[in-house]
Amino acid sequence: IQSLASLLKSQGISRNLSEAKKIHARVLCGKYCRNRYLGNLIIEMYGKCGSTKDASQAFESMHGPNLFSWNILLTAYAHNGHISDANRVFESMPVWDIVSWTAILTAFCQNDQLDQAKIIFERMPEWNSVSWNSLLAAYALSGHLEESKQLFDNMPEKNVLSWNLMLQANVQAGNVEEVLLLFHEMPQHDIVTWTSIVRVYAVTGHLEKSKQAFDVMPERDSFSWNMLMTAYSQHGYVSEAKELFDQMPENDVTSWNVMITAYFQNGDMEKAMKTFEESPDGDVFSWTCIVAAHAQNGDLETAQELFEKMPQRNIVSFNAMITAYGESGLPEKAKEMFSRMPQRNTVSWNALLQAYAQRGHLEESYEIFTVIPEPN
RNA sequence: UUAACCUACUGUUACC
C-alpha cells in the first residue's frame, strides 16, 4: 500500500495525466481499490495533473469520503482556477475544519478576490499561522505593500513564511534596503529567505552581490541554482549561465527552460532549439518559450505549427500567439486565436486590443476596449 | 492499531 501511495504522489508531482490514469487503473484492479487513503491520493493526483474532471469523478466514485477527501477536492478545484466550483464544494461539504476554511480562503486570495477573502477570513471560527499567512500572501504578492505591512504588524503569530512574504513584497517593489533590513530583523532564515536575497540583488542589477549571497547561503537547492542562472542570463551572461547549468547537481525542467530562454533571449535560436530538443521532459513553459521565440523572429508558420503540436496549452501560450499575430499585422488571426481560448486574462485582452489598434482599426479597438472585464 | 500514512500558507523559468 505504501508503494502505491508513493507512486500516486510522484505522479501528482510529474503531472502527466495519461500516466496518472494508468496508475489509477492499477489501484482499481488491486485489493486496495476501496481504500480511502489511496482514494484521497487519487483525487489529489488528478488535481495536480490539472484534471478536475477526473478528480471529481474519483471523488464521486469513492466509498465514504472523509474530511480529507472533501478538502482535497476543494483544493483541486482551487489550484486549477475553478473558484466557483471550489466554493460550491465548500458550501456543500458536511463539516469544515481549519484546513477547509484556509483552503477556500486561499482560493479567493489567489484569484484576486480579496473582498471575498476578507469575508471568509472573518467568518472563520479560528485562525492559525497558515490562515494569517494566506491572507498576507494575497496582499504581499499583489503589490499591496502598505496593506501587507499593516497586516504583518498586527498578526498574532508570525513564522519564517510570514517574514519571507514580507521580503517578497519588497523584492517585487525593488526595495533592496528594506529587504536587507527585514533580513537582519527576522529571527530565522531559510533557503527561501536566501533565494529572495539572491533575487533582489539580481533584479536591481547587483549581479556580484547576487552571486555573493548565493555563495554564502548555507544550502542550495534547484530553486536557488535556477535563480542565479536566470540572473546571469538576464544580464546577458549566457555562457556563465550554462556553466552553472553544468555545475548544478541536478537539472530540473526549470533549469532546462532557463537555458532555452537564455539562448533565445540572447539571439541564439539554434542553441535554443537544440536545448529544447535535448531536454528530457518539456513542459508548457518550454513549449511556450519556443513558440514565442519563433513568433518574435517573424517565423509565424513554425510558431503556429509548434503551437498546434503542444501537449498542453495555457493562457500564456495563447497570449503568445495572439501577440505574435498582432505584431505581424494579422488581427483576424489574433481574434480567431482569442476565441479559441478556454480562459482569458487581461494580457489576452490587451494583446487582442493591440492587434487591432496597431493596424488602425479604431472602431474595433474601441469596441474591444469597452468590453475588457478588468482593464489595466 | 483509541496508532500511522493523505489535504491549506512563502522563493526560480514562458506571453504583457
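The sequence lines fix the lettering, A, B, ..., with proteins before strands; numbering per chain opens at 1. The structure displayed is predicted, hence computed values, not measured ones.
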*Asks:* When we call it a touch if two heavy atoms are under 4.0 Å apart, what does Asn350(A) touch: a base, just sugar-phosphate, or nothing?
*Replies:* nothing
*Asks:* Please report, rounded to the nearest Å, how far the C1' atom of U13(B) is from the CZ atom of Phe264(A).
*Replies:* 13 Å
*Asks:* Within the structure, does a side-chain N or O atom of Gln110(A) lie under 4.0 Å from either OP1 or OP2 of U10(B)?
*Replies:* yes
*Asks:* Indicate, with a heavy-atom threshold strictly under 4.0 Å, whether Arg199(A) touches base, sugar-phosphate, or nothing.
*Replies:* sugar-phosphate
*Asks:* For Ser69(A) and Asn66(A), which I'm curious about, is there any donor-acceptor pair between the side chains at under 3.5 Å?
*Replies:* yes
*Asks:* Go through the structure and list residues passing side-chain contact (heavy atoms from CB on, under 4.5 Å) with Thr254(A), not counting sequence neighbours.
*Replies:* Asn226(A), Asp252(A), Val258(A)
*Asks:* So, applying side-chain hydrogen bond (donor to acceptor under 3.5 Å, both in side chains) with Ser348(A), which one of Asn350(A), Asn345(A), Thr346(A) is it?
*Replies:* Asn345(A)
*Asks:* Tell me which residues in residues 51-74 of chain A put a heavy atom below 4.0 Å from RNA chain B, sorted by number, or none.
*Replies:* Phe68(A), Asn71(A), Ile72(A)
*Asks:* Kindly indicate whether the side chain of Thr195(A) and the base of G11(B) share any N or O donor-acceptor pair separated by less than 3.5 Å?
*Replies:* yes
*Asks:* Does Asp190(A) make a side-chain donor-acceptor contact with the base of G11(B), cut-off 3.5 Å?
*Replies:* no
*Asks:* Check the distance between A8(B)'s P and Asn159(A)'s CG and give it to me in whole angstrom.
*Replies:* 15 Å
*Asks:* Check this for me: does the side-chain of Asn314(A) come within 3.5 Å of the base of A14(B) through a donor and an acceptor?
*Replies:* yes
*Asks:* Under 4.0 Å between any heavy atoms, over every strand shown, what does Thr254(A) touch: base, sugar-phosphate, or nothing? Just pick one.
*Replies:* base
*Asks:* Compare the aromatic ring of Tyr37(A) with the six-membered base ring of C6(B) and state whether they stack according to the 5.5 Å and 30° rule.
*Replies:* no
*Asks:* In this structure, how many angstroms lie between the P atom of C9(B) and the NE2 atom of His79(A), rounded?
*Replies:* 5 Å
